[in-house]
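In what follows, every chain begins at residue 1, and chains take the letters A, B, ... in the order their sequences are listed.
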There are 2 protein chains.
Amino acid sequence: MPLLMLKDLPRYECLLEAVRRHPDLDPSACEAYLNLLRAGDEAYQRSENFLSKHDMSPGRFTVMMLLYDKMAGKAIPTTPADLADKAGVTRATITGLVDTLERDGLVVREHDPRDRRMMLVHLTPQGVSTLESILPGHFQQMAQQMAPLSQDERRTLVRLLNKLIGAPLPAAAVEAEPAAAAAHHS
Amino acid sequence: MPLLMLKDLPRYECLLEAVRRHPDLDPSACEAYLNLLRAGDEAYQRSENFLSKHDMSPGRFTVMMLLYDKMAGKAIPTTPADLADKAGVTRATITGLVDTLERDGLVVREHDPRDRRMMLVHLTPQGVSTLESILPGHFQQMAQQMAPLSQDERRTLVRLLNKLIGAPLPAAAVEAEPAAAAAHHS
DNA sequence: AAGCAATGATTAGCCTCCTAATTAGTTCCT
DNA sequence: AGGAACTAATTAGGAGGCTAATCATTGCTT
């Protein structure tokens with residue numbers, strides 16, 4: 001949830017004024033950027049707030065969703081490394097999340113019999129039923145958050161956001177950074 | 001930076017398929033929601049990444065910006081409570097951030113002479129110059145992130161996001177309220 | 001067959017955020 | 001004047017991120 005942002009976004013006129021002292025400031029970019037962060041943060045926090053009522057955090061929920069076979073309602077055994085990869089966090093983070101999920105009886109770890117370096121994590125029956133008790137509310141919650149937009153507006157929003165997602169940064173201009181972070185070496 | 005989300009967003013067909021088992025799922029809402037979170041997170045992380053090169057975090061940066069008089073380039077003394085309020089975090093969080101900023105010589109704390117319960121935090125000259133050395137890059141960074149969108153698209157995006165920001169939640173339905181989905185009482 | 005590099009998971013230590021409890025100082029009320 | 005109630009800031013402890021270092025197992029190489 002940790003965003004930490006301005007509670008009140010600056011008005012557009014203020015941005016225009018600020019350009020006088022800061023010629024690098026692009027008012028329309030800044031406005032779009034701040035609103036994007038604000039909207040994303042708000043959506044995130046609302047979900048987090050919903051999940052917390054079920055003793056769940058976004059991280060825990062994500063892990064459980066990854067272990068859950070949506071169609072069959074079954075548990076899929078998965079390695080921590082795979083979970084980390086799919087969730088987009090480090091393995092160390094997965095270790096911590098699985099620790100608490102296991103403590104709460106929602107998942108179990110066991111050694112992969114073929115390669116004892118690996119663990120296999122999967123939902124317990126209790127984990128499955130807990131997850132299934134949360135999902136309907138979670139879906140409703142998403143639907144409510146997007147309720148202010150019509151189908152058409154949602155399509156437009158998705159189209160615009162997709163222009164931003166994964167857009168390659170000019171990299172050179174962001175900072176003198178030769179071939180480091182943007183490279184394909186994750 | 002802590003978001004923890006699916007690295008690969010589900011394709012729309014998958015969402016349609018999932019509706020079969022989960023009737024509460026609204027595919028277009030879900031798609032819009034996931035893309036919003038993804039785009040917001042990506043923008044946030046890029047900024048965080050930029051700031052970290054200057055030994056700065058979003059939290060530290062926000063505090064410094066709040067202490068900075070944009071027009072005059074001066075330091076504005078502010079109480080921790082006021083900072084917490086404007087930044088949208090708790091006072092305890094501000095205490096921690098100001099601790100490290102003070103340790104690094106970027107801000108100073110002093111007692112308010114009128115009311116010794118209160119502290120006044122303000123930027124040091126070093127804090128001002130550090131901030132001013134970061135700002136141009138920060139502004140460029142925002143501009144680059146929004147570069148894929150035209151002026152018109154930015155306006156549209158802001159308009160759509162504003163429909164979401166601060167939209168009142170039906171509240172009743174978000175709470176644990178299973179069957180009565182259609183009934184919105186307030 | 002023994003050693004060494006690679007791979008998977010964990011641990012350790014740090015940061016930012018939270019809530020709840022504590023400490024310090026002010027104000028208000030007889 | 002002396003407490004009671006309030007308000008500001010901090011501390012304590014927890015969660016979830018991160019990176020870097022460590023431990024365990026595998027498998028390759030000689």
Fill in: Donor-acceptor side-chain pairing of B:S28 and A:R155 below 3.5 angstrom
no
Worksheet item: Does one side chain, of A:S133 or A:T130, offer a donor that lies under 3.5 Å from an acceptor on the other?
Response: no
Worksheet item: Rounded to the nearest 0.5 Å, how far does OG1 of B:T156 lie from CD of B:Q151?
Response: 11.0 Å
Fill in: OP1 or OP2 of D:dG16 under 4.0 Å from side-chain N/O of A:S57
yes
Worksheet item: Does A:R91 have a side-chain nitrogen or oxygen under 4.0 Å from the phosphate oxygens OP1 or OP2 of C:dG8?
Response: yes
Practice prompt. Measure from the side-chain heavy atoms of B:T90 and tell me the nearest of C:dT19, D:dA9, D:dG16.
Written response: C:dT19
Item to complete: Measure from the side-chain heavy atoms of B:T93 and tell me the nearest of C:dC15, C:dG8, C:dC17.
Response: C:dC17
Response to the item:
What residues 107-123 of chain B contributes to the DNA chain D interface at heavy-atom separation below 4.0 Å is B:R109, B:R117, B:M118, B:M119
Worksheet item: B:H138 vs B:F61 aromatic rings, parallel, tilted or perpendicular, using cut-offs 30° and 60°?
Response: tilted
Worksheet entry | Nearest listed nucleotide, side chain of B:T95, among D:dT11, C:dA12, D:dG16 | D:dT11
Worksheet item: In terms of side-chain heavy atoms of B:A92, which of D:dA15, C:dT19, C:dT16 is nearest?
Response: C:dT19
Worksheet entry | Between B:N35 and B:E31, a side-chain donor and acceptor under 3.5 Å | no
